**Student:** 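Let me give you the structure first, and then I'll get to my questions.
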Amino acid sequence: MNLDYAQVLEACRHGDAKAQEALYKEFAPCLLGMGMRYLHSREDAEDLLHDAFIKILTNIKNVKDPTVLRAWIYRIMYNRIMDYFREERMLVYLDEEKLERHSDWNTAMEAALDMDRYKEEDIMEALSTLPVSYRTVFNMREVEDMEYEDIAKELNITEQTARSHLSYARRRLRQYFEGKTNK
């Protein structure tokens with residue numbers, strides 16, 4: 001669906017239910033996918049999508065420029081996911097001493113997994129096996145293409161911790177797929 005964002009934005013500001021529905025139909029599938037990349041369950045992702053859309057529709061009147069609408073919507077969903085993790089106290093990080101003692105720094109320099117080789121369901125299953133903190137950093141870096149500095153600020157961790165968690169995530173994903181290949 002190709003929406004005219006300026007037109008839909010204006011109609012949504014005036015409470016037009018059809019425009020709100022069109023906005024939902026345009027963005028819900030991608031936002032749900034985004035939620036499922038971070039969470040273990042579709043049900044939780046759907047709940048966060050619902051929460052995000054309530055916030056979107058409540059605050060859409062504040063969006064003045066239709067060219068930022070897409071980014072603004074994605075940011076609301078992303079923020080809702082991060083809030084969920086904070087609320088559930090699911091973001092647990094290793095302290096610096098443990099990182100230095102246990103981290104394999106060479107792995108951090110390796111290339112990202114070649115995700116094109118696998119089906120989306122296999123990737124989602126593999127991601128769901130990661131601890132939340134690893135999966136979160138992996139998604140922020142590899143999927144959302146965030147810089148380490150931004151990840152660190154967003155999660156209130158050091159850049160080195162972000163790099164280490166990405167390294168651990170990659171290693172665990174490799175092990176997961178190697179285990180599947182060897183079976």
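Predicted, not measured: the structure shown is a model, and the values here were computed from it.
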**Student:** What's the verdict on salt bridge (Lys or Arg N to Asp or Glu O under 4.0 Å) for K153 and E147, showing C-alpha distance, side-chain angles and the deciding distance?
**Tutor:** CA-CA 10 Å; K153 284 179 187 172; E147 298 296 325; over 6 Å; no

**Student:** Rounded to the nearest 0.5 Å, how far apart are SG of C12 and OH of Y5?
**Tutor:**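 So the gap between those two atoms works out to 12.0 Å.
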
**Student:** Is there a chain of hydrophobic side chains (I, L, V, M, F, W, Y, each step under 4.5 Å between heavy atoms) that links I54 to I76?
**Tutor:**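 The answer is no; the residues belong to distinct hydrophobic clusters.
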
**Student:** For the backbone of R163 and the side chain of S167, can you confirm whether one donor and one acceptor N or O come within less than 3.5 Å of each other?
**Tutor:**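 A pair under 3.5 Å: no.
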
**Student:** Can you measure from CD (E21) to CG (L23) and round to the nearest 0.5 angstrom?
**Tutor:**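 Rounded to the nearest 0.5 Å, the CD-CG separation comes to 11.0 Å.
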
**Student:** Under 3.5 Å, side chain of N139 to main-chain N/O of R135, donor-acceptor pair present?
**Tutor:**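 Yes; judged by distance alone, with no hydrogens or angles, the pair exists.
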
**Student:** Measuring only between side-chain heavy atoms, which start at C-beta, is I81 closer than 4.5 Å to Y84?
**Tutor:**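 I81 does not reach Y84 side chain to side chain.
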
**Student:** Check whether more than 12 heavy atoms from other residues, nucleotides or ligands sit under 6.0 Å from atom NZ of K18, and answer yes or no.
**Tutor:**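 Count not over threshold, so no.
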
**Student:** Got a sec: does the OH of Y74 have more than 12 other heavy atoms crowding it under 6.0 Å?
**Tutor:**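 Yes - once you tally the heavy atoms of other residues, nucleotides and ligands closer than 6.0 Å, there are more than 12.
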
**Student:** Between M140 and Y78, is any pair of side-chain heavy atoms under 4.5 Å apart?
**Tutor:**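 When only atoms from C-beta onward are counted, Y78 and M140 do touch, with a gap below 4.5 Å.
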
**Student:** Go through the steps for L49 and Y24 under the test side-chain contact (heavy atoms from CB on, under 4.5 Å), then give the verdict.
**Tutor:** CA-CA 10 Å; L49 172 64; Y24 182 85; 3.7 Å; yes

**Student:** Which pair of heavy atoms, one from E154 and one from N79, lies closest together, and at what distance?
**Tutor:**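 Smallest interatomic distance, heavy atoms only, reads OE2-OD1, 4.2 Å.
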
**Student:** Using side-chain heavy atoms (C-beta onward) and a distance below 4.5 Å, is W72 in contact with N59?
**Tutor:**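 Side chain of W72 against side chain of N59, heavy atoms only: contact under 4.5 Å found.
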
**Student:** Residues in salt bridge (charged side-chain N to carboxylate O under 4.0 Å, His left out) with E43, at least two apart?
**Tutor:**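 With sequence neighbours excluded, E43 shows a salt bridge (charged side-chain N to carboxylate O under 4.0 Å, His left out) to no residue whatsoever.
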
**Student:** Under the side-chain contact (heavy atoms from CB on, under 4.5 Å) criterion, do L173 and F138 qualify, and how do the steps go?
**Tutor:** CA-CA 10 Å; L173 289 171; F138 181 86; 3.7 Å; yes

**Student:** Taking all non-hydrogen atoms of both residues into account, name the closest pair between A22 and L3 and its distance.
**Tutor:**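 Answer, listing the atom of A22 first, then L3: O-CD1, 3.7 Å.
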
**Student:** Would H165 and T136 count as a side-chain contact (heavy atoms from CB on, under 4.5 Å) here? Give the steps.
**Tutor:** CA-CA 9 Å; H165 282 314; T136 301; over 6 Å; no

**Student:** Salt-bridged, E159 to R141, with N to O below 4.0 Å?
**Tutor:**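 A salt bridge is absent here (no side-chain N lies under 4.0 Å from a carboxylate O).
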
**Student:** For the residue pair I157 and I151, what are the closest heavy atoms and their distance?
**Tutor:**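 The answer is CG1-O, 4.5 Å.
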
**Student:** Does K55 have any salt bridge (charged side-chain N to carboxylate O under 4.0 Å, His left out) partners at least two apart in sequence or in another chain, and if so, which?
**Tutor:**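 Here no residue qualifies.
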
**Student:** Can you name the closest pair of heavy atoms from M77 and A45 and give their distance?
**Tutor:**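 Nearest heavy atoms, M77 then A45: CE-O, 4.1 Å.
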
**Student:** If we ignore angles and hydrogens, is there a donor and acceptor under 3.5 Å between the side chains of T158 and T161?
**Tutor:**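 Per modelled atom types, T158 and T161 side chains form a pair under 3.5 Å.
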
**Student:** Do L9 and D4 make a side-chain contact, defined as non-hydrogen atoms from C-beta onward lying under 4.5 Å apart?
**Tutor:**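 SC-SC contact between L9 and D4 ruled out.
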
**Student:** Is the closest side-chain heavy-atom distance between R172 and T129 below 4.5 Å?
**Tutor:**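 R172 vs T129: side chains apart.
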
**Student:** For a 4.5 angstrom cut-off between non-hydrogen side-chain atoms, does Q20 reach F53?
**Tutor:**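 With C-beta onward as the side chain, the pair stays apart.
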
**Student:** What distance do L155 atom CG and M146 atom CE have between them, rounded to the nearest 0.5 Å?
**Tutor:**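 Going from the CG atom of L155 to the CE atom of M146 covers 7.5 Å.
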
**Student:** Using a 4.5 Å cut-off on heavy atoms from C-beta on, say whether the side chain of M82 contacts that of Y38.
**Tutor:**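 Yes, their side chains come closer than 4.5 Å.
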
**Student:** Would you say the side chain of I73 lies within less than 4.5 Å of the side chain of I60, judging by non-hydrogen atoms?
**Tutor:**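 No; the side chains remain at least 4.5 Å from each other.
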
**Student:** Identify the heavy atoms of V137 and A162 that sit nearest to each other, and give their distance.
**Tutor:**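 Of all heavy-atom pairs spanning V137 and A162, the closest is CG1-O, 3.2 Å.
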
**Student:** My understanding is that only residues two or more places apart in sequence, or in another chain, count here; which of them pass salt bridge (charged side-chain N to carboxylate O under 4.0 Å, His left out) with R80?
**Tutor:**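 With sequence neighbours excluded, R80 shows a salt bridge (charged side-chain N to carboxylate O under 4.0 Å, His left out) to D51, E87, given in chain and number order.
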
**Student:** Show your working on side-chain contact (heavy atoms from CB on, under 4.5 Å) between R70 and R75 and close with a plain yes or no.
**Tutor:** CA-CA 9 Å; R70 175 180 287 279; R75 187 64 185 184; over 6 Å; no

**Student:** Between R13 and E10 (salt bridge meaning N to carboxylate O under 4.0 Å), is one present in this structure?
**Tutor:**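 Here R13 pairs with E10 in a salt bridge, since their nearest N and O are under 4.0 Å apart.
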
